Structures are given as structure tokens and as C-alpha cells.
Asks: 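Can you keep this structure in mind? I'll have questions shortly.
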Amino acid sequence: MLKITLPDGSVREFPSGVTGMEIAKSISEGLARNALSIEVNGEIRDLSRTITTDASIKIFTWNDAGGKYAFWHSSAHLFAEALEALYPGVKFGIGPPIDNGFYYDVDLGDRELGEEGLQAIEKKMAELAKVASPFLRKDVTKQEALEYFTAKGDPYKLELINDLQDGTITFYQQGNFTDLCRGPHLPNTGFIKAIKLLNVAGAYWRGNEKNKMLTRIYGITFPKAKELEEYLHLLEEAKKRDHRKLGKELELFAFSEKVGMGLPLWLPKGAALRERLEQFMRRAQVKAGYDPVVTPHIGGKSLYVTSGHYEKYGKDSFQPIATPDVGEEFLLKPMNCPHHCEIYKVRPRSYRELPVRLAEFGTVYRYEQSGELHGLTRVRGFTQDDAHIFCRPDQVKDEFKKVIDLVLHVFTALGFENYTAQVSLRDPNDKKKYIGADELWDRAEREIQEAADEKGLKTVAVQGEAAFYGPKLDFMVKDALGRSWQLGTIQVDYNLPNRFELEYIGADNQRHRPVMIHRAPFGSLERFVAVLIEHCAGNFPLWLAPEQLAILPISEKFNDYAREVLSELKLKDVRGFVDDRDEKIGRKIRDAEVSKTPYMLIVGEKEAGAKQVSVRKHGQGDLGTLSLGDFIEKITADAAMPI
RNA sequence: GCCGAAGUAGCUCAGCUGGUAGAGCAACGGUUUCGUAAACCGUAGGUCGUGGGUUCAAGUCCCAUCUUCGGCUCCA
């Protein structure tokens with residue numbers, strides 16, 4: 001008999017060879033009905049597989065990530081089965097489950113897949129799901145696997161099998177479709193009740209742009225039709241928060257073909273928002289001991305040759321600007337650090353004055369690939385809340401921790417709770433991509449991890465994500481549609497100080513090399529604003545709102561009083577406007593609500609006579625009447641910058 | 001940059017198999033002076049992204065190009 005430990009710690013005995021499904025049934029009928037997969041000693045498996053050793057198990061249903069994983073993995077196979085039935089001879093790449101659904105990369109040859117095609121496949125999938133074909137697992141030898149896909153004529157699968165070790169290869173079959181797969185899968189296709197193929201995209205085979213581009217079909221499935229409906233509804237709602245849509249509706253920013261793609265134009269309201277964020281950061285930085293500096297938008301080419309940026313990015317960048325004097329070349333600055341290094345070098349530095357912290361809202365230009373441009377999150381001209389800290393080696397960790405505090409302060413003040421702190425390390429298999437000695441990299445990577453740990457920050461380490469000159473701690477935040485963006489970043493750099501030959505005189509009267517920390521809590525103002533818009537769906541906190549209130553006279557007769565109220569508010573730095581259009585009050589309220597103005601002050605005969613305002617709050621409605629003095633007190637308190 | 005899709009008035013969108021552009025909102029003019037989410041009447045507004053081509057005739061078909069969207073690759 002086997003001892004099977006359940007998640008609650010209880011131990012039950014089963015004969016050797018018991019299946020996960022049998023265990024589920026022994027617990028309850030309901031669990032057996034909803035069971036999708038099982039975790040056995042930490043490994044997720046099919047419910048139909050036999051267990052032959054003592055084990056701790058957990059049975060996964062739709063409510064567990066492990067259950068969804070199997071569900072969507074099986075859905076990918078169901079998709080493949082349907083696709084093959086409708087498009088014979090199609091070749092398959094990989095088809096994994098993802099956070100929301102699954103995708104499958106396929107080579108359709110010269111056939112195309114459109115909207116009608118997707119619908120036909122959905123229909124076929126539904127038909128095949130109804131049959132409830134079991135997923136059959138089979139161990140195969142490498143030889144058998146190669147023979148099967150050679151006969152089938154699927155070069156991608158052959159490539160995958162060639163990279164696998166004999167003895168670890170399994171096939172799964174449902175209906176007429178057999179795939180190379182390590183599983184796990186659902187008991188049968190019948191669990192899949194609601195199916196939607198979402199979109200078609202191109203994707204390079206094995207993620208390498210030198211390889212052929214396959215067709216990737218994204219889809220999602222659910223155990224119930226209602227859940228699919230809810231998901232699609234959620235997607236629609238998310239689209240309403242898209243910063244590109246809200247940016248246009250709220251008149252925050254715009255693009256112009258004449259100005260150029262990826263070059264945002266900040267409209268007055270967007271500029272007001274951005275300016276408030278800058279003020280907020282300036283204050284926080286002054287408090288943290290930073291010195292503001294200003295540097296030009298272009299720099300001599302040799303500056304970037306020295307920094308290494310020219311060699312790394314030169315050819316993929318905006319090309320050098322020529323001047324009438326032959327031989328002069330300037331680059332639009334893609335980074336502020338080289339300029340700041342030159343500021344550091346204006347005079348000899350003493351160990352006593354370190355750390356030197358130079359801060360600048362530096363606008364930089366990068367020639368991003370055209371297909372990468374995306375609203376404000378990926379642009380070709382943007383402003384970083386950049387700063388470079390020049391410090392002694394013994395100060396690195398402490399300085400790094402102070403920067404973490406600053407970044408977290410920003411995130412807290414703006415209500416970003418769902419961020420991921422990512423330690424971005426070198427790709428150990430491709431060290432050519434980076435500059436600098438191994439031991440300096442190891443040291444920098446260690447210092448970042450230690451600083452994060454000592455701050456109690458939960459981090460995920462990702463290899464291959466470092467900058468070419470040093471490792472980073474990146475703060476990642478998701479947008480409305482679940483795409484992940486890097487906002488704040490902190491980087492330890494031992495390399496640029498070498499390249500720029502930065503020095504300080506130590507207590508020993510010898511020359512020493514400082515360490516640089518690059519950091520930008522927002523990252524870029526553009527991207528930060530984009531994510532902020534989506535985060536609050538355009539309902540900015542009062543201290544940031546471009547227009548904090550609209551003053552709405554009941555009729556033209558009260559326009560003068562409204563203007564009087566506005567000028568008093570302006571004296572207290574409250575941002576607002578008088579809606580003096582010849583419209584009814586209902587209309588003015590509606591327009592103010594739609595434009596997400598935080599407060600509306602309705603003024604008519606009653607208010608004008610008593611120096612009062614009727615206060616209405618966005619999304620909440622009428623709050624009643626206050627004296628103007630009381631309202632000013634209230635709003636100035638509410639609108640304080642969170643510092 | 002690559003694969004695929006889309007571009008019609010300021011905005012959101014209609015325009016079937018080619019017959020010569022339409023709605024709502026916004027704008028402008030007038031009437032109305034109004035108490036918590038859209039007053040009424042009228043006017044004007046488009047080389048249908050751009051450039052070629054096919055045709056008696058192109059928003060509609062073909063080619064090229066630009067931009068946008070969804071992914072991929074990239075992201076100092």
C-alpha cells in the first residue's frame with residue numbers, strides 16, 4: 001500500500017498503481033468531476049497516470065493555476081487537431097498554455113488564415129470537444145519519435161525531438177491527432193466547453209529573427225460558456241482603459257505624421273499632468289540629496305564612442321548630425337549618462353564629497369524599430385527622470401538601498417501595488433554582448449541582489465536582461481491589457497567610470513575609481529504616464545488632475561460669480577475653469593463627468609448670494625453646499641502632493 | 001525590421017456583388033437663461049491615408065507607399 005499525503009496533511013493508503021482520478025473519486029464525487037490535473041511530489045501530471053510510490057499530492061481544478069495550465073495545454077492540442085482536420089499538411093511548431101489561454105505556432109505553407117478560417121476552426125474544435133476523446137500518454141523512444149514525425153513530414157517537431165534526450169520523450173494522442181508533448185493533459189477533450197480564437201500573429205520559429213516566421217494563433221477556452229462571456233467582457237472593459245484611447249479622449253497627447261512616428265505631442269492637459277509628476281519627483285530628489293543639472297540634447301560623437309553606446313547602438317540609431325564644418329558629427333543623445341560623466345569630470349573630486357548625485361529630466365532619442373512603437377509606452381523621443389550617483393565602492397549598497405526607497409515611495413504615492421521587482425542579469429551564454437570584466441559584473445550583480453534582499457524586496461532574477469554596461473533592478477508593471485512594461489530601473493555600473501576615467505582622491509591621497517548608479521524611478525515620463533492613465537482609467541488623483549474642477553454656472557447670469565470663484569481658487573493654486581457655454585446645467589455636468597473632472601462647482605442664484613458653491617464629486621454626485629472658504633480649505637487639503 | 005489586419009467629416013462609425021459619399025456627436029449661426037449625466041431649429045464640413053493602374057465609370061478591383069492596430073524580434 002502507498003501512503004498518499006493530501007494537502008491538509010492527512011495521509012491515506014492506496015494500492016500501488018492507483019491513478020489520480022481514483023484518489024479524487026475517493027475524496028468526493030464533486031472533486032472527481034472538477035479535477036483537471038494532479039501535482040505529485042511537486043510535479044504536475046495527468047490524473048490518469050498511475051502512482052507507484054508514497055507521495056504528497058494536490059488535485060487541481062479550474063481554480064488552480066495547475067488546473068488551468070492543463071486545461072489550456074489540452075486546448076492547444078484540441079486546436080491543433082481541428083486545424084489539421086481543416087488544413088491537412090499543416091506543420092506544427094510549439095503550442096503552450098500561457099497566462100490567459102494558449103497559442104500554437106504553425107506553418108500553413110502558402111495558405112492564409114482569416115476571420116472566417118478562425119470561426120471554422122472554433123466550430124471544429126467544439127465538435128471534437130463534444131466527442132470527449134481521452135488524452136492518451138505514451139512513452140516513445142527517440143527513434144520512434146523521429147520516425148513518426150519524419151513520416152508525417154513535420155520538420156519543426158523533428159528539430160525539437162533532436163534536442164531531447166532519449167528516454168524522456170512522450171507523445172499524447174487524442175482522436176486522430178498525436179503530438180510530441182510532456183503533458184500534462186485533461187482526462188479528455190469534453191471538459192472544454194467554450195472556445196474563442198482571439199488573434200493571429202507572426203512569430204519567429206524558436207524566437208529567432210533569422211528563422212522562418214510562423215503563424216501564431218492565440219486562443220482561450222473555458223469550462224463554461226458564461227466564463228468565456230465574462231472574459232470577453234473584461235477584455236472590452238480593459239480596452240476602455242487603453243491610454244491611447246483615453247489620451248485622445250481626455251486631450252492629453254497626440255501624434256502627428258508630419259512630426260514623425262513615435263514622437264509624442266503633449267497637449268496642455270497632458271503637459272499639466274506631466275509637470276505635476278516632475279514637481280513631485282524634483283521635491284523627492286531634493287530631499288534625497290540630488291543636485292539638478294541640465295545638459296544639451298545633442299553631444300559630440302566621440303562622447304558616445306567613449307561610452308560604448310556608439311559601438312553598441314550606433315548603426316541602429318538616429319544617424320549623426322552633420323555640421324557645415326567638415327568632420328564634426330553630433331548625435332541626438334540616446335542617454336544622459338555620458339553627459340553626466342563629463343559634469344563629474346569638471347574638477348577633481350574628493351572622497352569627502354561622494355556620493356555626487358546628478359539629476360536631470362533628460363529628453364533622449366532612440367530609433368526604435370517601427371513595429372515596436374506603441375502609444376506612449378514605446379516612443380522615439382522621451383524624457384527620463386534620470387540621475388547618476390557617483391560613489392565610493394563602499395557606498396554602493398547603501399546608495400542602492402536609498403534608491404529602492406525612492407522608487408517604492410513613488411510607487412506607493414501613485415498606488416502601484418502590483419509591480420514585479422526584476423533583477424536583470426547578464427546572459428551567461430553570451431558574454432560578448434556586454435562590456436567590462438567578469439569580476440566587476442559578478443560584484444555588481446551580487447550587490448544588487450543583496451541590496452534588494454536587505455530591503456525585503458521580493459525579486460525575480462532574469463538572465464539576459466541586463467544593460468550592456470551593468471546589471472539592473474527593474475520595476476515591471478502591467479498595462480490594462482496585461483502587457484508588462486519596465487518603469488523604474490536602478491543599475492550598478494563599474495564600466496562607464498572606467499571608460500570615462502572617472503576618479504576621486506581618497507583619504508590615502510591616491511586616485512580611485514568611483515562606481516556609478518544609474519537610476520530612474522519613473523523610467524520615462526511618457527511610459528509612466530501611459531501606465532498611470534491605464535491604472536486609474538483616466539481618473540487621476542486630485543493632486544495630479546490637469547483640471548481639478550469645473551465651475552458650472554446655472555445660467556449666463558451667474559458667469560461673473562463663477563469667474564470670481566475661479567480667481568479665488570487660482571490664488572490657492574487650484575486648477576480649474578468656468579464652463580460658461582450657453583448650455584443647461586445637466587449638459588455641463590455631463591460633460592464634466594465624461595471628461596473625468598474630479599470636482600464640479602455648481603453656482604446659481606442661491607450660491608452667488610451667499611458666497612457658496614454646490615459641490616459635486618466625479619462619480620459620486622451631489623455633496624451639498626459649502627461656503628467658498630470651506631471648500632477651498634477642503635480641496636487644498638485633498639490636493640496636497642503626497643510627499 | 002518581420003508576419004497579419006485596418007485606414008471614409010474633428011470624433012465614433014455606415015456605405016451589398018464597381019454607377020460618382022451618409023448618420024450621430026463635435027463645430028458654426030439663431031432661439032432659449034435653464035438647479036445635478038446630452039434643450040430646440042438651422043448651416044457648414046470629406047481630393048474616401050497617399051501615388052499609380054484596370055474600367056465608359058473606383059471609397060468599392062489591382063500594385064506600390066505611408067500610418068495605425070495585434071503579435072514576433074529588439075529595448076542603452
Side-chain angles (χ1 to χ4, degrees), chain A residues 103 105 108 112-115 198-218 239 242 244-245 248-249 251 255-258 260-262 304 307-314 316-317 333-338 364 366-375 377-380 384 386 424 434-435 465-470 472 474 481 483 485-486 489 491 493 496 518 520 524 527 552-559 582-594 600-607 614-625:
Chain A
Y103 68 79
D105 286 346
L108 293 162
E112 280 183 6
L113 193 54
E115 191 54 40
L198 295 161
N199 48 39
V200 182
Y204 298 109
W205 167 236
R206 301 198 125 183
N208 187 332
E209 64 179 323
K210 294 193 180 74
N211 287 342
K212 183 167 181 180
M213 185 161 270
L214 305 181
T215 305
R216 174 171 298 179
I217 297 95
Y218 285 87
K239 279 184 190 154
D242 190 316
R244 292 166 297 186
K245 183 176 160 67
K248 190 187 267 188
E249 286 171 4
E251 298 189 324
F255 289 91
S256 144
E257 284 191 25
K258 282 213 175 87
M261 58 164 128
Y304 306 103
S307 71
H309 289 98
Y310 186 79
E311 193 195 342
K312 182 89 181 157
Y313 297 104
D316 306 317
S317 236
K333 80 170 163 188
M335 278 302 279
N336 302 299
C337 28
V364 296
R366 298 177 184 175
Y367 190 81
E368 305 289 4
Q369 296 183 46
S370 59
E372 269 314 321
L373 300 176
H374 185 98
T377 50
R378 195 75 184 272
V379 287
R380 285 179 169 169
Q384 298 175 314
D386 209 359
S424 301
Y434 310 93
I435 58 171
E465 290 294 309
F468 74 92
Y469 51 74
K472 312 187 283 175
D474 293 324
L481 291 167
R483 290 174 287 225
W485 298 97
Q486 176 203 304
T489 178
Q491 311 166 5
D493 181 5
L496 287 191
H518 308 240
S524 97
R527 181 176 291 175
L552 314 179
I554 295 288
S555 84
E556 226 166 61
K557 287 187 283 192
F558 310 105
N559 282 354
D582 177 15
E583 293 288 352
K584 302 207 318 192
I585 195 66
R587 175 54 181 278
K588 293 181 184 180
I589 286 168
R590 184 189 144 78
D591 288 350
E593 289 280 355
V594 168
M600 286 145 273
L601 301 183
I602 289 114
V603 295
E605 193 166 6
K606 206 169 65 188
E607 292 80 7
S614 271
V615 183
R616 184 186 164 99
K617 195 162 185 186
H618 172 74
Q620 289 180 25
D622 196 352
L623 299 186
T625 306

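Predicted model, so just to flag it, every value in this text is computed and none were measured. Side-chain atoms are counted along with the backbone in the values below, which use heavy atoms only and exclude waters and symmetry mates.
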Asks: So A:K584, base contact, sugar-phosphate only, or nothing? Heavy-atom distance under 4.0 Å.
Replies: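 Here A:K584 touches the bases of the nucleic acid.
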Asks: Is the base of B:G35 touched by the side chain of A:E607 through a donor-acceptor pair closer than 3.5 angstrom?
Replies: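 Result: at least one qualifying N/O pair found.
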Asks: Within less than 4.0 Å of OP1 or OP2 of B:C3, is there a side-chain N or O belonging to A:T215?
Replies: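 The answer is no; no side-chain N or O of A:T215 sits under 4.0 Å from OP1 or OP2.
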Asks: Is any side-chain heavy atom of A:P553 closer than 4.5 Å to one of A:K588?
Replies: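 Side chain of A:K588 against side chain of A:P553, heavy atoms only: contact under 4.5 Å found.
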Asks: Under 3.5 Å, is there a donor-acceptor pair between the side chain of A:E311 and the main chain of A:G308?
Replies: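 Pair absent, no side-chain N/O of A:E311 close to backbone of A:G308.
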Asks: When the P atoms of B:C75 and B:U8 are considered, how many whole Å apart are they?
Replies: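 So the two P atoms sit 34 Å from each other.
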Asks: Looking only at atom types and distance, does a side-chain atom of A:R380 sit under 3.5 Å from a main-chain N or O of A:Y367, one as donor and one as acceptor?
Replies: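 Not confirmed, A:R380 side chain does not pair with A:Y367 backbone.
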Asks: Contact class for A:M213 vs. all strands (heavy atom < 4.0 Å): base, sugar-phosphate, or nothing?
Replies: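 If one applies the 4.0 Å heavy-atom cut-off, A:M213 turns out to touch a base.
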Asks: Of the nucleotides B:G1, B:G71, B:A76, which one has an atom closest to the side chain of A:Y218?
Replies: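 Of all the options, the side chain of A:Y218 is nearest to B:G71.
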Asks: Using whole Å, report how far CG of A:N199 lies from P of B:G71.
Replies: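 Those two atoms, CG and P, are 6 Å apart.
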Asks: In whole Å, what separates the C1' atom of B:A6 from that of B:U65?
Replies: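 Each nucleotide's C1' atom is 15 Å from the other's.
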Asks: Between B:A5 and B:U20, how far apart are the two P atoms, rounded to whole Å?
Replies: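 Comparing P positions in B:A5 and B:U20 gives a spacing of 30 Å.
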Asks: Indicate, with a heavy-atom threshold strictly under 4.0 Å, whether A:S614 touches base, sugar-phosphate, or nothing.
Replies: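 Base contact - A:S614 has a heavy atom under 4.0 Å of at least one base atom.
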Asks: For the pair made of OH in A:Y313 and P in B:A76, what is the distance, rounded to whole Å?
Replies: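 Rounded to the whole Å, the gap is 4 Å.
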Asks: For the pair made of CZ in A:F558 and C1' in B:C34, what is the distance, rounded to whole Å?
Replies: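 That distance rounds to 10 Å.
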Asks: Send over the distance from A:R378 CZ to B:U68 P, rounded to a whole Å.
Replies: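 Those two atoms, CZ and P, are 14 Å apart.
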Asks: Using the P atom in both, what is the distance from B:C72 to B:U12, to the nearest Å?
Replies: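 The answer is 26 Å between these two P atoms.
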Asks: Measure from OH on A:Y310 to C1' on B:A76 and round the result to the nearest Å.
Replies: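 Atom OH in A:Y310 sits about 15 Å away from atom C1' in B:A76.
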Asks: If I pick the P atom on B:C74 and the same atom on B:C63, what distance separates them, to the nearest angstrom?
Replies: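 Each nucleotide's P atom is 32 Å from the other's.
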Asks: Would you measure the distance from the P atom in B:G45 across to the matching atom in B:G7 and give it in whole Å?
Replies: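 Straight-line distance between the two P atoms is 25 Å.
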Asks: Round to the nearest Å and state the distance from A:D591 atom CG to B:C25 atom P.
Replies: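 Taking atom P of B:C25 as the reference, CG of A:D591 is at 13 Å.
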Asks: Evaluate the side-chain proximity of A:M600 to A:E593: yes if any heavy-atom separation is below 4.5 Å, no if none is.
Replies: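 In contact.
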Asks: With a 4.0 Å limit, can you tell me whether A:K617 has a side-chain N or O closer than that to the phosphate oxygens OP1/OP2 of B:U36?
Replies: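 Answer is no, no contact under 4.0 Å.
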Asks: What is the ring orientation for A:H309 with A:F468, classed by angle as parallel under 30°, tilted 30 to 60°, or perpendicular over 60°?
Replies: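 Aromatic pair A:H309/A:F468 classed perpendicular.
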Asks: So that I can compare with my own list, what are the stems of RNA chain B, taken as at least three consecutive Watson-Crick or G-U pairs with distances under 3.5 Å?
Replies: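 So far as stems of 3 or more pairs are concerned, RNA chain B shows B:1-7 with B:66-72, B:10-13 with B:22-25, B:27-31 with B:39-43, B:49-53 with B:61-65.
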Asks: Take the angle between the ring planes of A:W485 and A:H374 and call it parallel below 30°, perpendicular above 60°, tilted in between.
Replies: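 Because their plane-to-plane angle lies in the 30° to 60° range, the rings of A:W485 and A:H374 count as tilted.
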Asks: Sticking with atom P, work out how far B:U55 lies from B:G18, rounded to a whole angstrom.
Replies: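 Here B:U55 and B:G18 have their P atoms 16 Å from each other.
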Asks: Counting only side-chain N and O atoms of A:R206, is one of them less than 4.0 Å from OP1 or OP2 of B:C72?
Replies: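 No, because none of the side-chain N or O atoms of A:R206 sits under 4.0 Å from OP1 or OP2 of B:C72.
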Asks: Looking at A:G314, is its backbone amide N or carbonyl O close enough to the side chain of A:S317 to form a donor-acceptor pair, meaning the two atoms are under 3.5 Å apart?
Replies: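 Checking the backbone N and O of A:G314 against the side chain of A:S317, no donor-acceptor pair under 3.5 Å is found.
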